[in-house]
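For ligands, and for the atoms within them, numbers begin at 1 and follow the listed sequence.
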Amino acid sequence: MQPHQREFIAFAIEHGVLRFGEFTLKSGRRSPYFFNAGQFDSGATLAGLGRFYAAAVVSAGVEADMLFGPAYKGIPLVSATAVQLHEQHGRDLPWAFNRKEAKDHGEGGTIVGRPLAGRVLVVDDVITAGTAIREAVEIVGAAGAELAGIVVAIDRQERGRGELSAIQEVELQHGCPVLAIVTLDQVLEHLTETGQHAEHLPALQAYRAEYGTA
Ligand code: OMP
(Lines give C-alpha, C1' and ligand atoms only; values in the text may rest on other atoms or scores of the structure.)
Protein backbone atom coordinates (compact mmCIF):
# COMPACT_ATOMS: atom_id res chain seq x y z
CA MET A 1 0.00 0.00 0.00
CA GLN A 2 1.38 3.42 -0.91
CA PRO A 3 1.58 6.22 1.69
CA HIS A 4 -1.16 8.26 -0.05
CA GLN A 5 -3.49 5.25 0.19
CA ARG A 6 -2.95 4.86 3.92
CA GLU A 7 -3.50 8.61 4.35
CA PHE A 8 -6.69 8.44 2.30
CA ILE A 9 -8.22 5.68 4.45
CA ALA A 10 -7.39 7.60 7.65
CA PHE A 11 -8.79 10.80 6.10
CA ALA A 12 -12.05 9.09 5.01
CA ILE A 13 -12.58 7.53 8.45
CA GLU A 14 -11.74 10.81 10.23
CA HIS A 15 -14.37 12.70 8.22
CA GLY A 16 -17.08 10.06 8.54
CA VAL A 17 -17.01 9.27 4.82
CA LEU A 18 -16.04 5.66 5.44
CA ARG A 19 -18.42 4.27 8.07
CA PHE A 20 -18.93 0.91 9.66
CA GLY A 21 -22.29 -0.53 10.77
CA GLU A 22 -25.22 -1.83 8.71
CA PHE A 23 -26.14 -0.31 5.37
CA THR A 24 -28.40 -1.32 2.50
CA LEU A 25 -26.75 -0.76 -0.87
CA LYS A 26 -28.30 0.23 -4.16
CA SER A 27 -27.90 -3.41 -5.26
CA GLY A 28 -29.94 -4.50 -2.20
CA ARG A 29 -26.91 -6.08 -0.52
CA ARG A 30 -26.59 -5.49 3.23
CA SER A 31 -23.11 -4.13 3.79
CA PRO A 32 -21.12 -3.67 7.04
CA TYR A 33 -19.53 -0.51 5.62
CA PHE A 34 -20.43 2.42 3.41
CA PHE A 35 -18.38 5.04 1.61
CA ASN A 36 -20.30 8.31 1.29
CA ALA A 37 -18.35 10.75 -0.87
CA GLY A 38 -21.04 13.40 -0.21
CA GLN A 39 -19.70 13.64 3.33
CA PHE A 40 -16.56 15.46 2.11
CA ASP A 41 -18.65 18.53 2.72
CA SER A 42 -16.23 21.37 3.35
CA GLY A 43 -13.71 23.25 1.24
CA ALA A 44 -10.76 21.65 2.97
CA THR A 45 -12.04 18.07 2.75
CA LEU A 46 -13.08 18.46 -0.90
CA ALA A 47 -9.62 19.86 -1.70
CA GLY A 48 -8.07 16.88 0.11
CA LEU A 49 -10.27 14.44 -1.79
CA GLY A 50 -9.30 16.05 -5.10
CA ARG A 51 -5.62 15.63 -4.19
CA PHE A 52 -6.11 11.89 -3.60
CA TYR A 53 -7.96 11.42 -6.91
CA ALA A 54 -5.28 13.39 -8.75
CA ALA A 55 -2.53 11.30 -7.13
CA ALA A 56 -4.30 8.07 -8.19
CA VAL A 57 -4.62 9.32 -11.79
CA VAL A 58 -1.00 10.45 -12.02
CA SER A 59 0.48 7.36 -10.35
CA ALA A 60 -1.45 5.09 -12.75
CA GLY A 61 -0.10 7.06 -15.73
CA VAL A 62 -3.46 7.11 -17.57
CA GLU A 63 -3.41 9.02 -20.84
CA ALA A 64 -6.53 11.19 -21.05
CA ASP A 65 -7.55 14.31 -22.95
CA MET A 66 -10.31 15.33 -20.57
CA LEU A 67 -12.30 14.43 -17.43
CA PHE A 68 -16.00 13.66 -17.07
CA GLY A 69 -18.00 13.50 -13.81
CA PRO A 70 -21.43 11.82 -14.05
CA ALA A 71 -24.30 13.58 -12.23
CA TYR A 72 -24.76 13.98 -9.39
CA LYS A 73 -21.99 12.70 -7.18
CA GLY A 74 -19.36 12.83 -9.90
CA ILE A 75 -19.77 16.60 -10.31
CA PRO A 76 -17.82 17.85 -7.27
CA LEU A 77 -15.40 14.94 -7.68
CA VAL A 78 -14.47 15.81 -11.25
CA SER A 79 -14.13 19.51 -10.48
CA ALA A 80 -11.94 18.89 -7.42
CA THR A 81 -9.81 16.42 -9.41
CA ALA A 82 -9.37 18.88 -12.29
CA VAL A 83 -8.28 21.61 -9.87
CA GLN A 84 -5.77 19.36 -8.09
CA LEU A 85 -4.35 17.85 -11.28
CA HIS A 86 -3.50 21.42 -12.18
CA GLU A 87 -2.40 22.65 -8.75
CA GLN A 88 -0.39 19.60 -7.67
CA HIS A 89 0.78 18.14 -10.97
CA GLY A 90 0.76 21.00 -13.48
CA ARG A 91 -1.75 19.19 -15.75
CA ASP A 92 -4.53 21.43 -17.03
CA LEU A 93 -7.23 19.09 -18.40
CA PRO A 94 -10.64 20.17 -19.71
CA TRP A 95 -13.59 18.76 -17.76
CA ALA A 96 -17.34 18.32 -18.03
CA PHE A 97 -20.37 16.89 -16.27
CA ASN A 98 -23.88 15.95 -17.43
CA ARG A 99 -27.32 17.14 -16.43
CA LYS A 100 -29.83 14.44 -15.53
CA GLU A 101 -32.54 16.37 -17.44
CA ALA A 102 -31.85 17.73 -20.93
CA LYS A 103 -32.22 21.52 -21.12
CA ASP A 104 -34.41 22.75 -23.99
CA HIS A 105 -33.51 26.45 -23.81
CA GLY A 106 -30.35 28.53 -23.50
CA GLU A 107 -27.32 26.52 -24.56
CA GLY A 108 -29.41 23.28 -24.52
CA GLY A 109 -28.08 19.71 -24.25
CA THR A 110 -27.02 17.64 -21.29
CA ILE A 111 -23.27 18.24 -21.12
CA VAL A 112 -21.97 21.20 -19.13
CA GLY A 113 -18.35 22.22 -19.59
CA ARG A 114 -16.09 21.04 -22.40
CA PRO A 115 -17.92 18.90 -25.01
CA LEU A 116 -16.93 15.24 -24.67
CA ALA A 117 -14.21 14.39 -27.21
CA GLY A 118 -10.97 12.45 -27.43
CA ARG A 119 -9.92 10.15 -24.58
CA VAL A 120 -12.25 10.72 -21.62
CA LEU A 121 -11.43 9.71 -18.05
CA VAL A 122 -14.60 9.23 -15.97
CA VAL A 123 -14.38 10.36 -12.33
CA ASP A 124 -16.94 8.71 -10.02
CA ASP A 125 -17.41 7.73 -6.38
CA VAL A 126 -17.93 3.98 -6.06
CA ILE A 127 -18.56 0.96 -8.31
CA THR A 128 -20.43 -1.87 -6.55
CA ALA A 129 -22.51 -3.87 -9.03
CA GLY A 130 -21.62 -1.55 -11.91
CA THR A 131 -25.09 -0.14 -12.72
CA ALA A 132 -24.30 3.55 -12.23
CA ILE A 133 -21.02 3.46 -14.13
CA ARG A 134 -22.58 1.78 -17.19
CA GLU A 135 -24.75 4.88 -17.71
CA ALA A 136 -21.67 7.12 -17.58
CA VAL A 137 -19.86 4.92 -20.08
CA GLU A 138 -22.87 5.10 -22.42
CA ILE A 139 -22.82 8.91 -22.27
CA VAL A 140 -19.15 8.95 -23.33
CA GLY A 141 -19.84 6.50 -26.17
CA ALA A 142 -22.95 8.36 -27.35
CA ALA A 143 -20.87 11.53 -27.69
CA GLY A 144 -18.48 9.67 -30.01
CA ALA A 145 -15.65 10.02 -27.50
CA GLU A 146 -13.29 7.27 -26.35
CA LEU A 147 -13.22 5.91 -22.81
CA ALA A 148 -9.68 6.38 -21.44
CA GLY A 149 -10.53 4.86 -18.08
CA ILE A 150 -12.48 5.33 -14.89
CA VAL A 151 -11.27 6.47 -11.49
CA VAL A 152 -13.24 5.85 -8.30
CA ALA A 153 -12.47 6.39 -4.64
CA ILE A 154 -12.90 2.82 -3.48
CA ASP A 155 -12.92 -0.56 -5.18
CA ARG A 156 -15.36 -2.60 -3.09
CA GLN A 157 -14.05 -5.77 -4.86
CA GLU A 158 -17.56 -7.21 -5.18
CA ARG A 159 -18.84 -9.58 -7.82
CA GLY A 160 -20.80 -7.92 -10.61
CA ARG A 161 -23.11 -10.02 -12.77
CA GLY A 162 -20.87 -13.10 -12.71
CA GLU A 163 -17.73 -14.22 -10.91
CA LEU A 164 -15.64 -11.18 -11.85
CA SER A 165 -15.85 -7.94 -9.92
CA ALA A 166 -17.96 -5.21 -11.47
CA ILE A 167 -14.71 -3.31 -12.00
CA GLN A 168 -13.08 -6.25 -13.80
CA GLU A 169 -16.18 -6.61 -16.00
CA VAL A 170 -16.01 -2.94 -16.99
CA GLU A 171 -12.27 -3.26 -17.73
CA LEU A 172 -12.83 -6.32 -19.93
CA GLN A 173 -15.86 -4.96 -21.72
CA HIS A 174 -14.35 -1.57 -22.51
CA GLY A 175 -10.65 -2.45 -22.64
CA CYS A 176 -9.67 0.41 -20.35
CA PRO A 177 -8.31 0.65 -16.81
CA VAL A 178 -10.50 1.27 -13.76
CA LEU A 179 -8.44 2.89 -11.03
CA ALA A 180 -9.36 3.19 -7.39
CA ILE A 181 -7.64 5.29 -4.74
CA VAL A 182 -7.97 2.27 -2.41
CA THR A 183 -9.46 -1.24 -2.35
CA LEU A 184 -11.52 -2.95 0.36
CA ASP A 185 -8.52 -5.23 1.02
CA GLN A 186 -6.40 -2.16 1.77
CA VAL A 187 -9.09 -0.85 4.15
CA LEU A 188 -9.06 -4.23 5.94
CA GLU A 189 -5.25 -4.12 6.10
CA HIS A 190 -5.37 -0.62 7.59
CA LEU A 191 -7.96 -1.61 10.24
CA THR A 192 -5.95 -4.71 11.15
CA GLU A 193 -2.70 -2.75 11.48
CA THR A 194 -4.11 0.20 13.43
CA GLY A 195 -6.70 -1.68 15.52
CA GLN A 196 -9.24 1.03 14.58
CA HIS A 197 -12.83 -0.25 14.35
CA ALA A 198 -11.49 -3.75 15.03
CA GLU A 199 -14.92 -4.83 16.29
CA HIS A 200 -16.21 -4.57 12.71
CA LEU A 201 -13.51 -6.76 11.16
CA PRO A 202 -15.39 -10.10 11.48
CA ALA A 203 -18.47 -8.67 9.71
CA LEU A 204 -16.27 -7.07 7.03
CA GLN A 205 -14.43 -10.32 6.42
CA ALA A 206 -17.71 -12.28 6.27
CA TYR A 207 -19.09 -9.79 3.73
CA ARG A 208 -15.89 -10.01 1.68
CA ALA A 209 -16.22 -13.82 1.68
CA GLU A 210 -19.90 -13.73 0.64
CA TYR A 211 -19.87 -11.08 -2.10
CA GLY A 212 -16.21 -10.53 -2.85
CA THR A 213 -14.11 -11.72 -5.74
CA ALA A 214 -11.24 -14.14 -5.20
P1 OMP B 1 -23.60 0.33 -8.43
O2 OMP B 1 -24.50 1.08 -9.40
O3 OMP B 1 -24.23 -0.94 -7.86
O4 OMP B 1 -22.22 0.07 -8.99
O5 OMP B 1 -23.44 1.24 -7.14
C6 OMP B 1 -22.68 2.39 -7.16
C7 OMP B 1 -23.41 3.51 -6.45
O8 OMP B 1 -23.84 3.09 -5.15
C9 OMP B 1 -22.51 4.67 -6.17
O10 OMP B 1 -22.48 5.56 -7.25
C11 OMP B 1 -23.14 5.25 -4.90
O12 OMP B 1 -24.21 6.11 -5.21
C13 OMP B 1 -23.68 4.07 -4.14
N14 OMP B 1 -22.78 3.55 -3.05
C15 OMP B 1 -21.95 4.42 -2.36
O16 OMP B 1 -21.98 5.63 -2.52
N17 OMP B 1 -21.05 3.92 -1.45
C18 OMP B 1 -20.95 2.61 -1.13
O19 OMP B 1 -20.10 2.22 -0.30
C20 OMP B 1 -21.82 1.72 -1.80
C21 OMP B 1 -22.77 2.21 -2.71
C22 OMP B 1 -23.79 1.28 -3.18
O23 OMP B 1 -24.99 1.54 -2.96
O24 OMP B 1 -23.40 0.20 -3.67
Side-chain angles (χ1 to χ4, degrees), residues 5 8-41 45-46 49-50 52-53 56 67-81 97-100 121-141 147 149-174 176-191 196-197 200-201 203-213:
Q5 294 177 308
F8 178 69
I9 297 167
F11 177 77
I13 293 174
E14 182 189 341
H15 296 288
V17 169
L18 181 55
R19 288 175 188 255
F20 305 96
E22 274 193 33
F23 307 90
T24 302
L25 304 184
K26 197 172 137 183
S27 58
R29 292 176 187 172
R30 303 272 294 159
S31 169
Y33 75 104
F34 195 79
F35 183 91
N36 181 8
Q39 201 74 38
F40 285 111
D41 56 1
T45 53
L46 183 60
L49 180 62
F52 288 113
Y53 270 96
L67 307 171
F68 170 59
Y72 296 98
K73 281 189 180 168
I75 299 174
L77 302 179
V78 71
S79 33
T81 304
F97 63 89
N98 63 305
R99 294 179 205 282
K100 290 247 185 188
L121 178 65
V122 176
V123 183
D124 209 352
D125 58 349
V126 179
I127 295 178
T128 303
T131 317
I133 202 68
R134 280 174 222 283
E135 282 172 32
V137 167
E138 276 168 26
I139 294 170
V140 173
L147 187 67
I150 298 165
V151 58
V152 292
I154 181 166
D155 178 356
R156 296 183 51 106
Q157 298 177 295
E158 286 180 39
R159 284 194 305 278
R161 293 168 178 169
E163 279 308 301
L164 295 179
S165 75
I167 284 188
Q168 290 165 330
E169 284 176 3
V170 172
E171 285 184 322
L172 264 184
Q173 193 180 346
H174 302 286
C176 70
V178 179
L179 326 170
I181 304 173
V182 292
T183 63
L184 173 59
D185 280 345
Q186 290 170 333
V187 172
L188 297 183
E189 192 184 322
H190 178 87
L191 298 185
Q196 265 185 308
H197 300 283
H200 293 289
L201 269 175
L204 288 162
Q205 275 149 353
Y207 184 82
R208 178 87 176 87
E210 185 169 359
Y211 295 111
T213 50

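- Closest to atom 6 (C) of ligand 1 among all protein heavy atoms lies Val126 O, 3.4 Å.
- Against a heavy-atom cut-off of under 4.0 Å, Lys73 is close to the following atoms of ligand 1: 12 (O), 16 (O).
- Of the listed residues (Glu22, Arg156, Glu158), just one forms a side-chain hydrogen bond (donor to acceptor under 3.5 Å, both in side chains) with Ser31, and that residue is Arg156.
- The protein atom (non-hydrogen) at minimum distance from atom 22 (C) of ligand 1 is Thr128 OG1, 3.5 Å.
- In terms of protein heavy-atom proximity, atom 8 (O) of ligand 1 is closest to Lys26 CD, 4.0 Å.
- Side-chain atoms of Val178 and Asp155, non-hydrogen and from C-beta on, never get closer than 4.5 Å to each other.
- Which parts of ligand 1 touch Thr131 is read off a 4.0 Å heavy-atom cut-off, strictly below it: atoms 1 (P), 2 (O), 4 (O).
- For the pair Leu184 and Tyr33, the minimum side-chain heavy-atom distance is below 4.5 Å.
- Residues Phe68 and Val78 are not in side-chain contact: their nearest non-hydrogen atoms beyond the backbone lie 4.5 Å or more apart.
- Counting protein heavy atoms under 4.0 angstrom from atom 13 (C) of ligand 1 gives zero.
- Near Ile127, with a cut-off below 4.0 Å to any heavy atom, the atoms of ligand 1 are 4 (O).
- Of the options Phe34, Tyr72, Tyr33, the smallest heavy-atom separation from atom 18 (C) of ligand 1 is shown by Phe34.
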I'd like to know whether Glu169 forms a salt bridge (Lys or Arg N to Asp or Glu O under 4.0 Å) with Arg134, so could you lay out the CA-CA distance, the side-chain angles of the two residues, the decisive distance to 0.1 Å, and finally the verdict. CA-CA 11 Å; Glu169 284 176 3; Arg134 280 174 222 283; 3.2 Å; yes
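- The closest heavy-atom contact to atom 9 (C) of ligand 1, among the options Asp125, Val170, Val152, Val17, comes from Asp125.
- Nearest non-hydrogen protein atom to atom 3 (O) of ligand 1 is Ala129 N, 2.9 Å.
- Screening Thr213, Val170, Leu172 against Leu164 for a side chain to side chain contact (heavy atoms under 4.5 Å, CB included) leaves a single residue, Leu172.
- Numbered from 1 in the order shown, with element, the atoms of ligand 1 that lie under 4.0 Å from a heavy atom of Gly130 read 1 (P), 3 (O), 4 (O).
- Considering only non-hydrogen protein atoms, atom 19 (O) of ligand 1 sits nearest to Arg156 NH1, 2.8 Å.
- Atoms of ligand 1 lying under 4.0 Å from at least one heavy atom of Phe35, given by number and element, are 15 (C), 16 (O), 17 (N), 18 (C), 19 (O).
- In this structure, Arg29 is not positioned above the aromatic face of Tyr207 in the sense of NZ or CZ being under 6.0 Å from the six-membered ring centre and within 45° of the axis.
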Worked check of side chain to side chain contact (heavy atoms under 4.5 Å, CB included) between Asp185 and Arg208: CA-CA 9 Å; Asp185 280 345; Arg208 178 87 176 87; 2.8 Å; yes
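- Residues His200 and Leu191 have side chains not in contact (no heavy-atom distance under 4.5 Å, counting atoms from C-beta outward).
- Residue Ala132 has at least one heavy-atom neighbour below 4.0 Å for each of these atoms of ligand 1: 2 (O).
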